[in-house]
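Quick notes on the structure that follows.
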Amino acid sequence: MAVPRFFIDEPYAHQVLVPGTRTSLTSDTSAYHHVVNVLRLTADKRVEIVQRGVWTAWLCKIESIDANQVLLEVVEEIKSVPLLFETTLLLGFSKGDTNEKVIRQATELGVTRVIPVLFDRSVSRPDQKRAKSKIERLRKIAVSAAQQAHRRDLPIIEDLHGFSEALDLLTSLQLDVTLVPWEEETDKSFSAYLEGLTLSEYPRVALVIGPEGGITQGEILALQDLGAQSVSLGPTILRVDTAVCASLAITHDILAGKHIKGDA
């Protein structure tokens with residue numbers, strides 16, 4: 001079984017973790033609850049921690065557990081290879097549990113940033129208070145999914161944006177390419193189009209996935225005015241979560257391959 005991983009705040013001001021130092025999971029954190037009440041770990045068991053802001057992963061041994069804390073001894077730094085590209089997901093806000101499924105799966109697949117967006121055909125249109133609550137829920141799901149996937153970082157989950165606001169944000173990100181999987185696109189294959197691009201050394205790619213009702217012609221034109229390219233994921237119409245998984249998996253596979261070949 002994989003060693004469980006947790007994201008934690010820097011435990012003490014200016015503390016630098018090195019092998020042999022100690023840190024703790026305090027009883028007011030979800031990590032403490034998970035170790036003690038869910039996993040029921042005991043002394044001498046191993047866990048991994050990642051410090052937010054520092055984004056360094058450490059293997060630790062549990063020294064002791066009491067009502068106030070799980071005391072950890074730092075054993076060694078866990079080396080990992082960072083992704084050599086960024087992917088931003090502009091996500092059509094959807095109804096039901098679709099948003100939660102997408103955030104969980106996209107996080108596991110390594111997405112860098114998610115921008116939830118109200119498209120014209122978005123059915124779920126929460127008021128400001130409910131939108132804030134929903135986004136906070138999505139951020140917690142992203143943390144849980146990142147821990148499960150053993151990521152060393154967390155995706156940025158933006159606030160819920162209107163369509164025009166989201167376009168402004170996309171413009172500010174200095175992207176290499178923006179791809180829009182669209183059921184009415186028949187000429188350009190997603191994978192073939194991306195494979196044929198010459199990108200920067202550290203590519204920044206955005207993927208635009210509409211809500212359940214799809215993307216309107218007017219929204220496609222607005223995206224194309226910003227340089228976005230509509231592409232096809234095949235002859236069938238995919239659910240939102242399926243389209244997200246397919247798009248991210250294809251994108252990361254191609255971008256990783258370009259770096260291996262040295263032609264990014």
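Computed from a prediction, not measured in an experiment: that's the story for all the values here. Residues take their numbers from the sequence shown, with the count starting at 1.
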Which value, rounded to the nearest 0.5 Å, describes the distance between [X] atom [atom1] and [Y] atom [atom2]?
X: I254; Y: L197; atom1: CD1; atom2: CG; value: 9.0 Å
X: Q229; Y: Q224; atom1: CD; atom2: CD; value: 7.0 Å
X: K61; Y: L71; atom1: NZ; atom2: CG; value: 10.5 Å
X: L41; Y: R46; atom1: CG; atom2: CZ; value: 12.5 Å
X: T87; Y: L179; atom1: OG1; atom2: CG; value: 11.5 Å
X: H34; Y: F6; atom1: NE2; atom2: CZ; value: 5.0 Å

Among V231, T251, D253, whose side-chain contact (heavy atoms from CB on, under 4.5 Å) with L194 holds?
-> T251

Test item: [X] and [Y] side chains (from C-beta on) under 4.5 Å apart, heavy atoms:
X: P126; Y: F93; value: yes
X: Q217; Y: W182; value: yes
X: H33; Y: T29; value: no
X: L89; Y: I115; value: no
X: T178; Y: T88; value: no
X: S24; Y: L72; value: no
X: E48; Y: W58; value: no
X: V18; Y: V74; value: no

Grab the two heavy atoms, one from [X] and one from [Y], that are nearest each other, plus how far apart they are.
X: G92; Y: N99; result: O-OD1, 4.2 Å
X: T112; Y: E86; result: OG1-CA, 3.4 Å
X: L154; Y: A142; result: CD2-O, 4.2 Å
X: P211; Y: V240; result: C-CG2, 3.7 Å
X: I215; Y: F119; result: CG1-CE2, 4.1 Å
X: T42; Y: I65; result: CA-CD1, 4.2 Å

Same apolar cluster (I L V M F W Y, side chains within < 4.5 Å links), [X]/[Y]:
X: L226; Y: V177; value: no
X: I62; Y: L39; value: yes
X: L91; Y: V208; value: no
X: I103; Y: V111; value: yes
X: V102; Y: L248; value: yes

Does [X] reach the main-chain N or O of [Y] with its side chain, forming a donor-acceptor pair under 3.5 Å?
X: S247; Y: V244; value: no
X: T242; Y: L238; value: no
X: R204; Y: Q174; value: no
X: Q147; Y: S144; value: no

Counting only heavy atoms not in [X] (residues, nucleotides, ligands), do more than 12 fall under 6.0 Å from its [atom1]?
X: R239; atom1: CZ; result: no
X: R137; atom1: CZ; result: no
X: I237; atom1: CD1; result: no

Stepwise, does the side-chain contact (heavy atoms from CB on, under 4.5 Å) test hold for E212 with K95?
-> CA-CA 8 Å; E212 310 96 320; K95 63 182 180 180; 2.7 Å; yes

Note: [X]-[Y] ion pair, threshold 4.0 Å (strictly below):
X: D159; Y: R139; answer: yes
X: D127; Y: K129; answer: no
X: K79; Y: E77; answer: yes
X: E63; Y: R22; answer: yes
X: E158; Y: R113; answer: yes

Stepwise side-chain contact (heavy atoms from CB on, under 4.5 Å) check, H161 with L118 = CA-CA 6 Å; H161 284 67; L118 291 175; over 6 Å; no

Just checking, is any N or O donor in the side chain of T216 or E219 under 3.5 Å from an acceptor N or O on the other one?
-> yes

Are S200 and D176 close enough that a side-chain donor and a side-chain acceptor fall under 3.5 Å?
-> yes

Please report the C-alpha distance between F7 and Q51 in whole Å, then the side-chain angles of each, then the deciding distance to 0.1 Å, and finally whether the side-chain contact (heavy atoms from CB on, under 4.5 Å) criterion is met.
-> CA-CA 6 Å; F7 287 86; Q51 288 178 277; over 6 Å; no

Verdict with reasoning, E185 to S230, per side chain to side chain donor-acceptor pair (under 3.5 Å) = CA-CA 6 Å; E185 175 61 61; S230 58; 2.6 Å; yes

Would you please test I8 and V50 for side-chain contact (heavy atoms from CB on, under 4.5 Å) and show each step?
-> CA-CA 6 Å; I8 66 170; V50 178; over 6 Å; no

